[in-house]
Amino acid sequence: MVQLINTYGSLLLTAMGQTLLLALWGLFFGCILGIVFGLASVVDNKVSRIISKIYVNVIRGVPMIVLAFFVFYGVPYGIKSFFGAKFVLTPLQAGTVCLALNCGAYMSEIIRAGIQAIDPGQMEASRSLGLSYWRSMFRVVLPQAIKNMIPSIVNQFIITLKDTSILSVIGFPELVNKAQNVIAITFKSFEMWAIVAIMYLVVILALQQVANALERRLNRGREK
Amino acid sequence: MAVKNRNVKIHIENLEKKFGHNEVLKGISTDIYEGEVVCVIGPSGSGKSTFLRCINKLEKSTAGKIVVDGTLINDKKVDINKVRENIGMVFQHFNLFANMNVLRNLMLAPVDLKKATKEEARENALRLLETVGLSDKAESFPSQLSGGQKQRVAIARALAMSPDIMLFDEPTSALDPEMVGEVLAVMKQLAKEGMTMVVVTHEMGFAREVADRVLFMDEGVILEEGTPEEIFSEPKHPRTIDFLNKVL
């Protein structure tokens, strides 16, 4: 095991770096999608609510591994056969698209539920004072909603981080992908997967600590 | 009272409101004059609150006209936010902003809508808190206040925009009996100062004492209206008599 770490340690750390890179891109765009579709699903507009619902249900109904194959292999092939244009995605690009779409759908549900959990009277009171819908949303509703959403958002961050492992199937050089390569050479399956598991665990526990600190900080403002 | 000589503040004509197939308001017409205090009474489900909420368009009317200060608010081109700046509203369940302390509850709208600088808004807020007897609660959060205190803050919050009209939607219905008095006292003071008020209420004592005019609503129409003496001492409509017998 020590030898394994000595030989492949830096390779695994690099792979972990790639995992985090992919996760960050996925989360970044996922959050944007989540906010856009989350807000679109609460506004007083049927069309935007329906579009949002379709997006969420489609993504929820398709396994991410299928989405990954579709985006990485299917879409370029489709564009080539229908339009005759050459279109290639790098594994990082395709991976980011998959993670963002996936994370965005779940985030949008978290945001929708979080907003809808706030008493409609808060919005009404703000509107009655003459504040516009969006001003009321950003000044009154969202600050309360976000506080309640944080545990679910952190949970989604963790899930998205772990979901990067699925993108090993399209050849993105993240941790699982590299670990498979190492095992193919060394046959040390037990040790290798144990190391990989611990690496994920450490990163996720660290993330959890950051989240807890953040939550405590946000709670402090209100209770006093 | 020489109410009729004053300016019409709110003109309502054949107001109708449907929720799906449910007709809640079936053609309401009335004028509310400047400085007038109008109490709306009637059984639950008679459309009192819906009527009130149509005045500041928290509910969209399905038909009819509502003119506030000369502005036809059903008109799609009218900026309803501007109209609302002039119409304060107090809710049954207070609806204080839970994420802000009392002072910030009062300052949010004036500052955000550029009606006042932060300093002016703060000064005004503190003055208003004093008039509702809550100077010591400026830094408190809504969750730390009693119902009566919350409602007084809610009134102060609405007043912070210096509205011409105040709408009260059953402001004491969610309060413990012992806290009703403190809220009604603030409202009486407001009425005395000449505020135009529309009050949906179950407090018949308040209606009798403070109202210039009482509207009795049932099943989406105004069945009877008149001075408090007319309504409470010699009600004409059988439904009014029946209702008053039950609540008085």
Side-chain angles (χ1 to χ4, degrees), chain A residues 35 38-39 42-50 110-154 211 213-224, chain B residues 49 52-53 55-60 79-101 104-115 121 139-144 150-151 153-163 165-169 174:
Chain A
I35 291 166
L39 291 174
V42 295
V43 297
D44 189 16
N45 181 325
K46 240 187 197 151
V47 177
S48 84
R49 285 206 304 261
I50 289 172
I110 292 169
I111 289 168
R112 181 190 60 74
I115 290 172
Q116 286 177 344
I118 301 300
D119 176 9
Q122 296 281 313
M123 173 61 90
E124 282 187 351
S126 178
R127 295 305 306 274
S128 80
L129 289 164
L131 275 74
S132 68
Y133 178 85
W134 288 111
R135 222 174 244 276
S136 305
M137 184 59 88
F138 284 105
R139 298 303 304 267
V140 175
V141 178
L142 278 179
Q144 297 179 54
I146 286 169
K147 240 185 57 96
N148 299 337
M149 289 175 205
I150 282 179
S152 310
I153 290 176
V154 171
L214 179 72
E215 207 175 333
R216 267 199 303 277
R217 228 185 122 114
L218 280 171
N219 273 329
R220 220 184 302 154
R222 169 124 143 232
E223 301 312 329
K224 263 191 306 200
Chain B
S49 288
L52 193 75
R53 291 160 58 84
I55 297 177
N56 68 352
K57 220 176 172 184
L58 279 183
E59 300 292 356
K60 279 189 195 130
D79 179 5
I80 190 65
N81 296 326
K82 270 271 168 274
V83 178
R84 283 177 180 151
E85 288 179 9
N86 251 340
I87 311 177
M89 186 162 196
V90 175
F91 299 85
Q92 180 176 1
H93 295 289
F94 330 121
N95 299 350
L96 294 181
F97 305 135
N99 56 324
M100 301 174 195
N101 67 18
R104 292 218 295 135
N105 261 276
L106 268 67
M107 288 168 60
L108 175 72
V111 173
D112 249 46
L113 298 171
K114 308 228 160 33
K115 295 277 145 188
E139 304 293 330
S140 302
F141 275 81
S143 55
Q144 299 163 315
K150 280 183 198 166
Q151 198 59 302
V153 171
I155 294 172
R157 177 179 67 181
L159 291 175
M161 285 297 288
S162 316
I165 301 168
M166 285 284 282
L167 309 177
F168 292 85
D169 189 2

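Every heavy atom of this structure was used, including side-chain atoms; hydrogens, water molecules and symmetry mates were not. Labels below follow one simple rule: chain letters A, B, ... track the order of the sequence lines, proteins then strands, and each chain is numbered from 1.
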Trainee: Which value, rounded to the nearest 0.5 Å, describes the distance between Leu113(B) atom CG and Arg135(A) atom CZ?
Mentor: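 Those atoms lie 6.0 Å apart.
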
Trainee: Select one option (side chain, backbone, both, neither) describing which atoms of Asn56(B) are under 4.5 Å from chain A's heavy atoms.
Mentor: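 Contact with chain A involves the side chain of Asn56(B) alone.
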
Trainee: Rounded to the nearest 0.5 Å, what separation is found between the CG atom of Asp44(A) and the NZ atom of Lys60(B)?
Mentor: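 The distance works out to 5.5 Å.
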
Trainee: So which part of Leu58(B) gets closer than 4.5 Å to some heavy atom of chain A, the side chain, the backbone, both or neither?
Mentor: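 When you check distances to chain A, only side chain atoms of Leu58(B) fall under 4.5 Å.
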
Trainee: Could you tell me whether the side chain of Gln122(A) and the main chain of Leu96(B) form a donor-acceptor pair under 3.5 Å?
Mentor: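 Looks like yes, one N/O pair under 3.5 Å.
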
Trainee: What part of Ser126(A) gets within 4.5 angstrom of chain B, counting heavy atoms only: side chain, backbone, both, or neither?
Mentor: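 Backbone plus side chain of Ser126(A), per the 4.5 Å heavy-atom cut-off to chain B.
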
Trainee: When rounded to the nearest 0.5 angstrom, what is the spacing between CG in Asn95(B) and CD in Glu124(A)?
Mentor: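 One finds 7.0 Å between CG of Asn95(B) and CD of Glu124(A).
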
Trainee: What distance separates Ser128(A) OG from Arg157(B) CZ, expressed to the nearest 0.5 Å?
Mentor: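 These two atoms lie 6.5 Å from each other.
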
Trainee: So, Arg139(A) side chain and Leu108(B) main chain: donor-acceptor pair closer than 3.5 Å or not?
Mentor: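 A pair under 3.5 Å: no.
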
Trainee: Could you check if a side-chain atom of Met100(B) sits within less than 4.5 angstrom of a side-chain atom of Val140(A), using non-hydrogen atoms only?
Mentor: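 When only atoms from C-beta onward are counted, Val140(A) and Met100(B) do touch, with a gap below 4.5 Å.
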
Trainee: Looking only at heavy atoms, which two atoms of Asn81(B) and Gly130(A) are closest? And how far apart?
Mentor: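 Closest heavy-atom pair between Asn81(B) and Gly130(A): CB-O, 3.3 Å.
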
Trainee: How many angstroms lie between CG in Leu129(A) and CZ in Phe97(B), if you round to the nearest 0.5 Å?
Mentor: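 Output value for this atom pair is 5.0 Å.
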
